[in-house]
Novice: 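Dropping the structure in here first, questions after.
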Amino acid sequence: MEEAGRAFSPNRGPVMSQSAPLSPPLKEIPPKSADLSAWYTAVTLKAELISYSPVRGCVVLRPYGFGMWENLQKHLDERFKATGHENAYFPLLIPESLLVKEAEHVEGFAPEVAWVTHGGAERLAERLAIRPTSEAMIGTMYAQWIESYRDLPVLINQWVNVVRWEKATRPFLRTMEFLWQEGHTAHASAREAREETLRMLEVYREFAENVAAVPVYAGAKSASERFPGAVETFSIEALMPDGKALQSATSHDLGQNFAKAYGITFADADGQIKHAYTTSWGMSWRMLGAVIMTHGDDRGLRIPPKLAPVEAVFVPIVKGERRDTVAKAHELADGLRAAGLRVRVDDRDQSPGWKFTEWEMRGVPLRVEIGPKDIEAGAAVVVRRDMRKGEDGSRTVVAFDRLEGAIRELLEAVGASLYRQARAFLESHTLRARDRETLVEYCTSRAGMIDIPWCGRDECEARVKGQTGATTRNTRALEEPPGTHCVACGEPAKVSAYFAQSY
RNA sequence: CGGGACGUAGCUCAGCUUGGUAGAGCGCUUGCUUUGGGAGCAAGAAGUCGCAGGUUCAAAUCCUGUCGUCCCGACCA
């Protein structure tokens, strides 16, 4: 929930799960409800998603965290393929002369670029940028590859690391080196490029909601928030429990700006040489930060099943000399693994209670308990991570021979439930402001996504930002009747906008 | 980049004010007993006190610098 005493929350409800009264407090992490920042940092470390490294602002993505990234990749990549894209790989190092070709672009990224100046002991004749993004490199290659309208569209994506020299870093949310994917496409017409930009925005929205279980608002960025060099930038924006918005993916219509800078031309059907229209779109491991903050509770992570490295963990209960529960757990888990489920048996020499707490903290969606009583009954106890201890439906007794189907159903249920909870939070913290005082009050207190009719002008947004720290997150077609005035400044409204403070 | 805080065993921290042989709990190792919500007993291992200078007979402790982390702000696709 909100940071205690800070966030104004007019419609606060028991949306995010509180720790159950029967569950003892965790030793490793402070309660999420008490201090979101401290909780967030602790849980990323203690759940072994990441480790800090000897390099400032750069983290190690540990196997459990990488498992989440792999699942994100799998689901997103299959959506890219389904929309006609192919993967490729472009160089990490970008000659300065390429990077500077698009003026707005280089200006926007200049403060964040890391440079390679030496090869061994020799100073380079031209320094090389470590890619902060790859428009320059990919645009240069597209210029070579594209000659005719018959070569278009070009639909390529790459899964890579990028480096941006950041001043303040936080695991997943902002690191100097991070993993992402960047799609880059070239088209014969402005209309096609715009369609592609919106198509991929929709892919991100659908992915965020159905795979990551994170509800988002999709829309257009304001001019001040636009990608340097883009004609228009679109984003999906999620709302974190502290009332700050998190930009979770962007999709850019680059128009002909990069085609002109990098010489991407083609002979069209009418015989004219024309500049192509390009797009780029990206989602980074920041999305995992959104998942962590959105779903986690006082007892740790709650990972949506489709992203969970372990979907179900088996905890055998050993009694005296009886080790048959361990064998049975392995037997059942092997069967599920063969059926394609991601399961693990925790047969370490720890008490069951210790394991329950450990795997809850690490956010595994389902726990399967196999004890002597269960073996007698021919059934296991399956416990859901999305519900509180003792809540109706949190424990299900499932016959061994029905386990696979039941687990598949429960995983679906957990995912849907996490989404429902997050959706309820977003909706209850999306507030319409219809006068300036209310807008300022909501923005200042981080009440959530503040929805207003907006004029769309830079100076108006800048004034709100100066006063409250909030900016537009994204905008959409005006939902009010024509003639409505901007809530922030009183000029005629052009769009509907969400204002919020952001990460 | 500005303001604030922190850095001592794998983890959480005490010790620093007032300089004098490095501490606790948890974890770890071994053994035995345990195991349906973070087990018990016994024995044991484990720290260049972030790093570099300085002051001092003597520095975890005082001073300077530096690196890193956290919080708040600025900046940020």
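In what follows, chains carry the letters A, B, and so on, assigned in the order in which the sequence lines appear, proteins first and then strands, with residues in each chain numbered from 1.
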Novice: How far, in whole Å, is B:A24 from B:G47 if one measures between their C1' atoms?
Specialist: 14 Å
Novice: What's the closest nucleotide to the A:Y52 side chain, out of B:C70, B:G38, B:C11?
Specialist: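 Out of B:C70, B:G38, B:C11, the nucleotide with an atom closest to A:Y52's side chain is B:C70.
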Novice: Under 3.5 Å, is there a donor-acceptor pair between the A:S37 and A:W39 side chains?
Specialist: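 No, no side-chain donor-acceptor contact under 3.5 Å.
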Novice: Which part of the nucleic acid does A:G57 contact within heavy-atom distance under 4.0 Å: base, sugar-phosphate only, or nothing?
Specialist: sugar-phosphate
Novice: Grab the NZ-P distance between A:K355 and B:G37 for me, whole Å please.
Specialist: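 These atoms are roughly 13 Å apart.
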Novice: Which nucleotide, B:U34, B:G37, B:G36, lies nearest any side-chain atom of A:T357?
Specialist: B:G37
Novice: Using a strict 4.0 Å threshold on nitrogen-to-oxygen distance, state whether A:E237 and A:R473 make a salt bridge.
Specialist: yes
Novice: Tell me whether the OP1 or OP2 atom of B:G38 has a side-chain N or O from A:S351 closer than 4.0 Å.
Specialist: no
Novice: Kindly determine whether A:F400 and A:I370 satisfy side-chain contact (heavy atoms from CB on, under 4.5 Å), including the steps that lead there.
Specialist: CA-CA 10 Å; A:F400 290 152; A:I370 309 278; 3.8 Å; yes
Novice: If you compare all heavy atoms of A:E232 against all heavy atoms of A:R226, which two are closest, and at what distance to 0.1 Å?
Specialist: CA-NE, 4.0 Å
Novice: 5'-most contact on RNA chain B: A:F178 or A:E28, nearest heavy atom basis?
Specialist: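 Final value for this comparison: A:E28.
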Novice: Watson-Crick or G-U wobble partner for B:A24, using a 3.5 Å limit on both distances?
Specialist: B:U12
Novice: Measure the distance from CG on A:D324 to C1' on B:U35 and round it to the nearest whole Å.
Specialist: 14 Å
Novice: Nearest of B:C26, B:G37, B:G36 to any side-chain atom of A:K373?
Specialist: B:G36
Novice: How about A:S224 and A:D458: does a side-chain donor come under 3.5 Å of a side-chain acceptor?
Specialist: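 Short answer, no.
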Novice: Whom does B:U69 pair with, Watson-Crick or G-U wobble, provided both distances fall under 3.5 Å?
Specialist: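 The answer is B:A5, by the H-bond criterion.
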Novice: Report which part of the nucleic acid A:P372 touches: base, sugar-phosphate, or nothing (heavy-atom distance under 4.0 Å, all strands).
Specialist: base
Novice: Among the nucleotides B:G38, B:C72, B:A74, which one has an atom lying closest to any side-chain atom of A:E358?
Specialist: B:G38
Novice: Please state the C1' separation for the pair B:G23 and B:A46 - nearest whole angstrom.
Specialist: 13 Å
Novice: Look at all strands and tell whether A:E225 reaches a base, only sugar-phosphate, or nothing, counting heavy atoms closer than 4.0 Å.
Specialist: sugar-phosphate
Novice: If each of A:E321 and A:Q501 is mapped to the nucleotide of RNA chain B with the nearest heavy atom, which maps nearer the 5' terminus, i.e. the 5' end?
Specialist: A:E321
Novice: Roughly how many Å apart are B:G10 and B:A45, using the C1' atom of each and rounding to a whole number?
Specialist: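 Rounded to whole Å, the distance is 13 Å.
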Novice: Spell out, as yes or no, whether a donor-acceptor pair under 3.5 Å connects the side chain of A:D347 to the backbone of A:V326.
Specialist: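 No, because the side chain of A:D347 does not come within donor-acceptor range (under 3.5 Å) of the backbone of A:V326.
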Novice: Between B:A58 and B:G20, how far apart are the C1' atoms? Round to whole Å, please.
Specialist: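 It comes out at 7 Å once rounded to the nearest Å.
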Novice: Students often get this wrong, so: under 4.0 angstrom with heavy atoms, is A:P132 touching a base, only sugar-phosphate, or nothing?
Specialist: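 Base, at least one base atom sits under 4.0 Å.
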Novice: Watson-Crick or G-U wobble partner for B:G53, using a 3.5 Å limit on both distances?
Specialist: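 Paired with B:C63.
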Novice: Across the strands shown, which category fits A:T233 at heavy-atom distances under 4.0 angstrom: base, sugar-phosphate, nothing?
Specialist: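 No contact.
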Novice: Work out how far the P atom of B:A22 is from that of B:C51, and round it to whole angstrom.
Specialist: 15 Å
Novice: With heavy atoms under 4.0 Å as the rule, sort A:V315 into base, sugar-phosphate or nothing.
Specialist: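 Nothing, no nucleic acid heavy atom in range.
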Novice: If you check the A:K46 side chain, which of B:A39, B:C11, B:C76 turns out closest?
Specialist: B:C11
Novice: Look at the side chain of A:V318 and decide which nucleotide, out of B:C76, B:A39, B:U35, has an atom nearest to it.
Specialist: B:U35
Novice: So if I take every side-chain heavy atom of A:R170 and compare against B:C71, B:C76, B:G38, which nucleotide ends up nearest?
Specialist: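 Selected nucleotide (nearest to the side chain): B:C71.
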Novice: Looking at every strand, decide which applies to A:Q247 at a 4.0 Å heavy-atom threshold: base, sugar-phosphate, or nothing.
Specialist: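 Counting heavy atoms under 4.0 Å across all strands, the contact made by A:Q247 is with sugar-phosphate only.
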Novice: Contact class for A:K221 (heavy atom, under 4.0 Å): base, sugar-phosphate, or nothing?
Specialist: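 Nothing, no nucleic acid heavy atom in range.
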Novice: Does any nucleotide pair with B:U18 by Watson-Crick or G-U wobble geometry, both distances under 3.5 Å, and what is it?
Specialist: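 With both distances under 3.5 Å required, B:U18 matches none.
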Novice: Counting heavy atoms from C-beta on, name the nucleotide in B:U35, B:G68, B:C76 closest to the side chain of A:D349.
Specialist: B:U35
Novice: Whether A:K389 contacts B:G36 is assessed here as follows: a side-chain N or O lying under 4.0 Å from the phosphate OP1 or OP2. Is that the case?
Specialist: no
Novice: Within the 4.0 Å heavy-atom criterion, would you say A:S251 contacts the bases, only the backbone, or no part of the nucleic acid?
Specialist: nothing
Novice: Can any side-chain N or O of A:N157 pair as donor or acceptor with the backbone N or O of A:H85 at less than 3.5 Å?
Specialist: no
Novice: Please state the P separation for the pair B:A59 and B:G19 - nearest whole angstrom.
Specialist: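 The same atom, P, in both gives a distance of 13 Å.
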Novice: Remember a base hit wins even if backbone is also touched, and classify A:G469 as base, sugar-phosphate or nothing at under 4.0 Å, heavy atoms.
Specialist: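 Since no nucleic acid heavy atom lies under 4.0 Å of A:G469, the category is nothing.
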Novice: Quote, to the nearest angstrom, the C1' distance that separates B:C75 from B:C63.
Specialist: 34 Å
Novice: Parallel, tilted or perpendicular: which describes the rings of A:Y217 and A:Y498, with under 30° parallel and over 60° perpendicular?
Specialist: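 Taking A:Y498 first and then A:Y217, their aromatic rings lie parallel (interplane angle under 30°).
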Novice: Identify which nucleotide among B:G73, B:G37, B:C26 has an atom closest to any side-chain atom of A:R446, counting heavy atoms from C-beta outward.
Specialist: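 Shortest atom-to-atom distance from the side chain points to B:G73.
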Novice: Could you tell me how far apart A:Q350 (CD) and B:U34 (C1') are, to the nearest whole angstrom?
Specialist: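 It is 13 Å, rounded to the nearest whole Å.
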Novice: With the side chain of A:D374 defined as its heavy atoms from C-beta on, choose the nearest nucleotide among B:G37, B:C71, B:G36.
Specialist: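 When the side chain of A:D374 is considered, B:G36 is the closest of B:G37, B:C71, B:G36.
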Novice: Under a 3.5 Å limit for both distances, which nucleotide forms a Watson-Crick or G-U wobble pair with B:U35, could you say?
Specialist: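 Per the H-bond distance test, none.
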Novice: Using a 4.0 Å heavy-atom cut-off, does A:R286 contact any base of the nucleic acid, only the sugar-phosphate backbone, or nothing at all?
Specialist: nothing
Novice: Could you check how far NZ of A:K328 sits from P of B:G36, rounded to whole Å?
Specialist: 22 Å
